[in-house]
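Structure, as structure tokens:
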Amino acid sequence: MNLMVSDLDYGQAPSLDQNLDPYALAKALSGRHLIGGELVQAASGKTFEIYPATGEIIGFGAAGDAEDVDRAVAAAVDAQKSWSKMRARDRGKLLYKCAEALEEHVEELGRLIALETGKALRTESRVEASILADAFYFHAGLGSELKGETVPHHPDMLTITVREPIGVVGAIIPWNVPLLLMALKIAPALLAGNAVIVKSAEEAPLTVLRVCQIMNSVLPAGVFQMLSGFGPECGAPLVAHKKVGKVTFTGSVETGKIVYKTAADKLIPVTLELGGKSPMIVFDDAKIDKAVDGAVVGMRFTRQGQSCTAASRIFVHDKVYDEFVAKLRAKVDAMVMGDPLDEKTDIGTIISPEQFSKVQGYIEHGRKEPGAVPIECSAMPSDPKFKDGLFVRPVVFTEIGHDSKLAREEIFGPVTCIFRWTDREQVLAAANDTEFGLAATVWTNDLHAALNFTEKLEAGFVQVNQNLVVQPGLSYGGVKNSGLGKEATLEAMLEHFTHKKTIIFNKT
Ligand code: NAI
Ligand code: MG
């Protein structure tokens, strides 16, 4: 992407009134960070273009760098002092107010995220905008749970532990579900008494900024800030900053490892939510129609497959394989690809030209695999307005080898592989034969088999006969290369956003 010194008119920041014109709102939010309670441009004055869906430029992100990181960290250090001294339940009250304010903006946020990311409004973007508040409501009530312990160490001593905030937390987020993934990081970090600096993904900074602007109308200045910009220029200095005491990251394995290594130099804790290649195992006794619906949801075809938990390896028992494939094809064929803002659209566009080429590369590779059968579903939109749009028809690959790179690597596009199986031990071994371990689903009415598989599947989030997405209150996170640490629960808040101090009083 091109960086440029901007000639944007930085006039007034947009008002907080709900604005249902996403084009106007994208423009008004352009080129800004949220630092110290103000929407400000990058210190360098540089911006970058945001051009989703139809290929037109819809706005600009502020190109943050180390100078912006310094400004934000200084404001955070200052603001955190009084924030951490506030009663935890009063912090919770403010988070509750954030949730209410965000709920008043659901339609606006849904429309803006649809425009910015190309995710269809009805099936994805409005849904994400409306579940965002839930993450705040959940964490808002946890203030009284920041408890310590009394330790029966010695009768002459009173020994207690207390939970203290870490200080300044850096939260680096991706573009696929930026609002929800951000909320699952910032709500617990703030409740625990930390100041938080979010670094948005360069593909999707504007709706995140709007959420931050809304929260900023409720929270004290500096407690919560947002920087936009690229990974190496803006994310890396945030991780490396000596006053940032914790980093929580969601994104690729490759970048997660870089973040982890940088954090290791400072010996600070890190939470990593990384990629996946999640198996879905369908037995011959499963309810096939339900399993097919589960595959459509699990593969996130409505999100162009851009999900870390995508059911991108589907193992179907030989006896029901043909029926499953035919029904899945029919379902995906019936999905409408088109304008993300159109209510009729099920499937929108891929996030960026880079991601588009990456996905196309995998599909081309798959076509050349000996024996592999690509089943292309749905149809490209006919409107000439979308001739340069980043649309990819969903592809279901059958008869493809377990060792194909399509079956091994995270594609992050609307591409899934279906394998045939007959032997339970073999399919279990194949499901676990991956570097990832994020999610898995099992589809059967055989209770014994379900228990056996859920016990043996190497994944952090395992479901039987359903395919729910991440929910506040349910521990979420991976094993193996899918990550480090869990999110979305009380325990995760205590473990990742506080440290435990032991205090001993000698009574004699
Ligand atoms: P990425 O992991 O590079 O980006 C995620 C976030 O990290 C962004 O905010 C980015 O600016 C930031 N970042 C990048 N380099 C950094 C650095 N050196 N230090 C600190 N922060 C840095 O992911 P990207 O490039 O957007 O997508 C590449 C692939 O990653 C996708 O094709 C997909 O396979 C996977 N991915 C997985 C996600 C998940 O939810 N697990 C989300 C996004 C991407
Ligand atoms: Mg990257």
Side-chain angles (χ1 to χ4, degrees), residues 1 48 50 52 61-66 68-69 117 119 128 170-182 184-185 197-205 208-209 226-241 244 247-265 270-278 300 303-310 312 350-362 390 392 405-406 408-415 435-439 460-461 469-470 476-478 480-485 487:
M1 282 186 214
F48 55 90
I50 303 165
D65 61 21
D68 298 305
V69 170
T117 66
K119 296 194 297 184
E128 182 184 0
I172 298 179
I173 58 169
W175 42 262
N176 57 334
V177 206
L179 309 185
L180 179 64
L181 297 177
M182 170 172 74
L184 290 173
K185 297 183 184 311
I197 300 169
V198 171
K199 209 294 280 172
S200 59
E202 51 271 39
E203 294 82 359
V208 166
L209 180 62
M226 179 270 192
L227 300 174
S228 120
F230 292 84
E233 291 76 15
C234 188
L238 179 63
V239 179
H241 199 290
V244 170
V247 173
T248 169
F249 170 88
T250 298
S252 64
V253 177
E254 189 190 359
T255 305
K257 287 181 180 172
I258 296 173
V259 166
Y260 199 24
K261 282 178 190 155
T262 309
D265 275 344
V270 172
T271 309
L272 302 172
E273 295 288 350
L274 308 176
K277 197 74 190 173
S278 298
R300 308 281 188 277
R303 201 190 295 154
Q304 300 77 256
Q306 299 170 142
S307 164
C308 44
T309 50
S312 49
I350 299 284
I351 186 75
S352 66
E354 292 79 9
Q355 195 64 22
F356 182 80
S357 320
K358 181 183 159 187
V359 173
Q360 295 285 18
Y362 277 105
L390 305 175
V392 175
K405 76 178 207 163
L406 274 75
R408 297 240 154 236
E409 296 173 13
E410 182 173 53
I411 300 175
F412 233 65
V415 181
E435 64 173 295
F436 297 107
L438 192 51
F461 203 73
V469 298
V470 55
Y476 181 77
K480 295 155 75 175
N481 267 359
S482 289
L484 201 65
E487 292 189 317

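Both counts, for ligands and for their atoms, begin at 1 and track the order of listing.
- Of the inter-residue distances, the one linking Cys308 atom SG with Glu410 atom CD reads 7.0 Å to the nearest 0.5 angstrom.
- Counting atoms of ligand 1 from 1 in the listed order, those under 4.0 Å from a heavy atom of Gln355 are 31 (C), 32 (O).
- Put simply, the side chain of Glu202 never gets that close to the backbone of Ser228: no donor and acceptor are under 3.5 Å apart.
- Neither the backbone nor the side chain of Leu181 has any atom closer than 4.0 Å to an atom of ligand 1 (non-hydrogen atoms only).
- Annotation: Gly229 places no N or O atom under 3.5 Å from an N or O atom of ligand 1; distance criterion only.
- Atom 4 (O) of ligand 1 is never approached by the protein to below 4.0 angstrom, counting heavy atoms only.
- Distances from ligand 1 to the non-hydrogen atoms of Ser307 include no value under 4.0 Å.
- Looking at Ser482, its side chain does come within 3.5 Å of a backbone N or O of Gly275 through a donor-acceptor pair.
- For an aromatic pair to be called close, the ring centres must be under 6.0 Å apart, and Tyr260 with Phe249 fails this.
- Within the listing of ligand 1, atoms 9 (O) sit less than 4.0 angstrom from a heavy atom of Ser200.
- In summary, the side chains of Glu409 and Tyr362 do present a donor paired with an acceptor at a separation below 3.5 Å, with no hydrogens or angles considered.
- In terms of protein heavy-atom proximity, atom 18 (N) of ligand 1 is nearest to Ile258 CG2, 3.9 Å.
- From the protein, the heavy atom lying nearest to atom 19 (N) of ligand 1 is Ala236 N, 3.5 Å.
- Distance from atom 12 (C) of ligand 1 to its nearest protein heavy atom, with residue and atom name: Ile172 CG2, 3.7 Å.
- The two residues Ala62 and Phe48 come nearest to each other via the heavy atoms O-CE2, 3.3 Å.
- Looking only at protein heavy atoms, the nearest one to atom 13 (N) of ligand 1 is Gly231 CA, 3.3 Å.
- Checking side-chain atoms of Lys199 against main-chain N and O of Gly229 turns up a donor-acceptor pair under 3.5 Å.
- Checked against a 3.5 angstrom limit, the closest N/O atoms of Ile173 and ligand 1 fall inside it.
- Between Thr271 and Lys185, the side chains place no donor N or O within less than 3.5 Å of an acceptor N or O (distance only, hydrogens not considered).
- In this structure, Ser312 contributes its side chain and Lys277 its backbone to no donor-acceptor pair below 3.5 Å.
- Listed by chain and number, the residues in a side chain to side chain contact (heavy atoms under 4.5 Å, CB included) with Leu227 are His33, Ile35, Asp68, Val69, Ala72, Ile197, Cys234 (sequence neighbours excluded).
- The shortest contact between atom 38 (C) of ligand 1 and any protein heavy atom is with Phe412 CZ, 3.4 Å.
- Listed by atom number, the atoms of ligand 1 under 4.0 Å from Phe249 heavy atoms are 2 (O), 6 (C), 7 (O).
- Of the possible donor and acceptor atoms, one in the side chain of Gln306 sits under 3.5 Å from a partner among the backbone N and O of Ile351.
- Set against the non-hydrogen atoms of Pro174, the atoms of ligand 1 under 4.0 Å away are 42 (C), 43 (C).
- Under a 4.0 Å criterion applied to the non-hydrogen atoms of Asn176, ligand 1 contributes the atoms 40 (O), 42 (C).
- Contact detail for Pro205 and Met226: the closest heavy-atom pair is O-CE, 3.3 Å.
- Among all non-hydrogen protein atoms, the one lying nearest atom 28 (C) of ligand 1 is Ser252 CB, 4.3 Å.
- Under the 3.5 Å distance criterion, the side-chain polar atoms of Glu203 are left unmatched by any main-chain donor or acceptor of Trp175.
- Residue contacts with ligand 1: Glu202 is placed with a nitrogen or oxygen under 3.5 Å of a nitrogen or oxygen of the ligand (distance criterion only).
- The residue from Glu233, Lys358, Glu409 that puts a heavy atom closest to atom 29 (C) of ligand 1 is Lys358.
- For atom 24 (P) of ligand 1, the closest non-hydrogen atom of the protein is Trp175 NE1, 4.0 Å.
- Glu435 contributes no side-chain N or O that, together with a main-chain N or O of Lys480, makes up a donor-acceptor pair within less than 3.5 Å.
- Counting only non-hydrogen atoms, the option in Cys308, Gly275, Ser482, Ala204 that gets closest to atom 39 (C) of ligand 1 is Cys308.
- Counting heavy atoms closer than 4.0 Å to ligand 1, residue Leu274 contributes backbone atoms (N, CA, C, O) but none from C-beta onward.
- Under the 4.0 Å distance rule, the nearest protein heavy atom to atom 26 (O) of ligand 1 falls inside the cut-off.
- Ranking the protein heavy atoms by distance from atom 34 (O) of ligand 1 puts Glu410 OE1, 3.0 Å first.
- Residue-to-ligand polar distances place Gly251 within reach of ligand 1: an N/O pair is separated by less than 3.5 Å.
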